[in-house]
Amino acid sequence: MIQHLVSRILLRRFAKHKRGPISGLDLHSLEQRTDKVENFGGIQDVDTDAPDDAEKRWSKEVESRLPHAFELLDQGKLLSDPIATTTIKKCIALHWARGFAAREVVDKILIPGTTQKAITAILERFTLEQAAFGLTDGRTSNMSEQALYEIIHTEFAEKLRRERYLDVAFLELYRKGQSFIESKSLEIWHSPNEEFLLGDIPVVTYEKDTGKVGILDDVSWSKADAIFMPLGPRHVVALAKEPAYREADARTVEILNTCQVKVALKEVYFRPGSGLGDLIAGALKK
């Protein structure tokens, strides 16, 4: 099954009509495609029988409540509704925690680090041969030390994946994100003329002094001078000290869209017919 790291409900905000397709641009090949919302923003989840599937958790707590919050957003009434405001805060926390950036961190740092700690602990109690012997039912004769080590490493890494370590890490990051956002207010930016786009890492962290953007560029939430994400072609939400509605001119839209492109891992999404795909592709070719 596909686990959507960018919520389908958020992606539908960029569709041509309510149940219509959206467009996407591959930032590496610069190829554009227009397709069903379900075919964007996800990863293949090999465990289709997981009883506590993460998608069900996110749907119950956040995504099922987003349509009402988006309706109030379009009416200019979001900030007057505390429940809807909380839903949008959770949406921000969700897309920070359950995202392609977080997955990169989990896959390339947390899983290898946790695996190495487990291997170090077991090798303090057993020899390399003893540990590998136990994991292979004794099929370790005439193996090199490197081969024995790889057996142990592979087994522990697979164990973490079987235990759905990625989902556990997402949930922990989500809780931390909620805690960080709880005391913040929301600032809504509305663009009456130009359109916003959405990257596959929607929540952008921006550091003013360095110009860096994104978690993968080492801009953590605590370092960031601004944290924002698009909520549709006409709206962007940012964390702020005080709640506010603001109008985004063409230059502001361009800056925020550029940040989405810079942060994106592979793709950006936009409303079909908006012309944004051609605009970005042309800029990247230059």
Side-chain angles (χ1 to χ4, degrees), residues 4-43 70 73-74 91-92 95-96 99-101 104 187-208 210-217 219 224-239 245-286:
H4 282 85
L5 303 188
V6 182
S7 169
R8 284 171 289 182
I9 294 173
L10 178 60
L11 286 168
R12 284 193 186 104
R13 297 276 292 171
F14 294 83
K16 195 166 187 177
H17 47 83
K18 191 171 183 180
R19 291 289 174 181
I22 63 168
S23 293
L25 173 71
D26 186 307
L27 296 175
H28 302 290
S29 68
L30 298 185
E31 292 182 359
Q32 293 186 57
R33 64 188 175 105
T34 298
D35 205 342
K36 295 178 181 178
V37 164
E38 289 76 10
N39 295 329
F40 289 98
I43 58 171
F70 286 151
L73 173 68
D74 292 338
C91 180
I92 297 171
H95 283 87
W96 172 69
F100 287 98
E104 286 287 294
E187 185 175 83
I188 305 297
W189 286 83
H190 173 253
S191 172
N193 301 312
E194 312 297 326
E195 293 194 21
F196 294 111
L197 57 80
L198 181 74
D200 58 17
I201 301 178
V203 180
V204 172
T205 50
Y206 171 72
E207 190 175 47
K208 185 177 179 180
T210 63
K212 290 182 177 181
V213 289
I215 299 295
L216 297 181
D217 203 15
V219 184
D225 296 298
I227 300 172
F228 64 90
M229 72 175 291
L231 295 179
R234 299 296 178 192
H235 296 95
V236 161
V237 63
L239 299 184
Y245 284 102
R246 303 191 187 281
E247 186 165 307
D249 59 19
R251 178 57 180 158
T252 300
V253 173
E254 181 184 5
I255 291 171
L256 298 184
N257 282 348
T258 298
C259 287
Q260 285 288 314
V261 175
K262 282 184 176 181
V263 167
L265 200 62
K266 181 183 177 182
E267 289 182 318
V268 293
Y269 317 111
F270 40 87
R271 185 186 61 78
S274 65
L276 286 172
D278 293 333
L279 184 66
I280 299 161
L284 291 176
K285 284 176 183 177
K286 292 179 182 178

Measure the spacing between [atom1] of [X] and [atom2] of [Y] and express it to the nearest 0.5 Å.
{"X": "Cys259", "Y": "Lys212", "atom1": "SG", "atom2": "NZ", "value": "14.5 Å"}
{"X": "Leu231", "Y": "Cys91", "atom1": "CG", "atom2": "SG", "value": "6.0 Å"}
{"X": "Leu284", "Y": "Leu30", "atom1": "CG", "atom2": "CG", "value": "5.5 Å"}
{"X": "Asp278", "Y": "Gln32", "atom1": "CG", "atom2": "CD", "value": "5.0 Å"}
{"X": "Lys36", "Y": "Ile22", "atom1": "NZ", "atom2": "CD1", "value": "13.0 Å"}
{"X": "Leu198", "Y": "Glu267", "atom1": "CG", "atom2": "CD", "value": "10.5 Å"}

Return the minimal non-hydrogen interatomic distance between [X] and [Y], and the atom names on each side.
{"X": "Pro21", "Y": "Thr34", "answer": "CB-CG2, 3.7 Å"}
{"X": "Pro230", "Y": "Leu10", "answer": "O-CD1, 3.7 Å"}
{"X": "Ala248", "Y": "Pro192", "answer": "O-CD, 4.1 Å"}
{"X": "Leu11", "Y": "Phe40", "answer": "CD1-O, 3.6 Å"}
{"X": "Ala264", "Y": "Asp200", "answer": "CA-OD1, 3.3 Å"}
{"X": "Glu195", "Y": "Arg271", "answer": "OE2-NH2, 2.7 Å"}

**Item:** Worked verdict on Phe70 versus Ile9 for side-chain contact (heavy atoms from CB on, under 4.5 Å)
**Value:** CA-CA 10 Å; Phe70 286 151; Ile9 294 173; 3.8 Å; yes
Side chain proximity check, [X] to [Y], heavy atoms < 4.5 angstrom:
{"X": "Asp74", "Y": "His235", "answer": "yes"}
{"X": "Val219", "Y": "Tyr206", "answer": "no"}
{"X": "Phe14", "Y": "Pro233", "answer": "yes"}
{"X": "Asn257", "Y": "Phe270", "answer": "no"}
{"X": "Asn39", "Y": "Arg33", "answer": "yes"}
{"X": "Leu197", "Y": "Ile280", "answer": "yes"}

Counting distance only, does the side-chain N/O of [X] pair as donor-acceptor with the main-chain N or O of [Y] below 3.5 Å?
{"X": "Glu194", "Y": "Asp249", "result": "no"}
{"X": "Arg234", "Y": "Asn193", "result": "yes"}
{"X": "His95", "Y": "Ser7", "result": "yes"}

**Item:** Ile201, Val237, Val236, Val204 screened by side chain to side chain contact (heavy atoms under 4.5 Å, CB included) with Met229, the one that passes
**Value:** Val237
**Request:** Return yes if a side-chain donor-acceptor contact under 3.5 Å exists between Thr210 and Glu207, otherwise no.
**Result:** yes
**Request:** Kindly confirm or rule out a cation-pi arrangement of Arg13 over Phe196, judged by NZ or CZ under 6.0 Å from the six-membered ring centre and within 45° of its axis?
**Result:** no
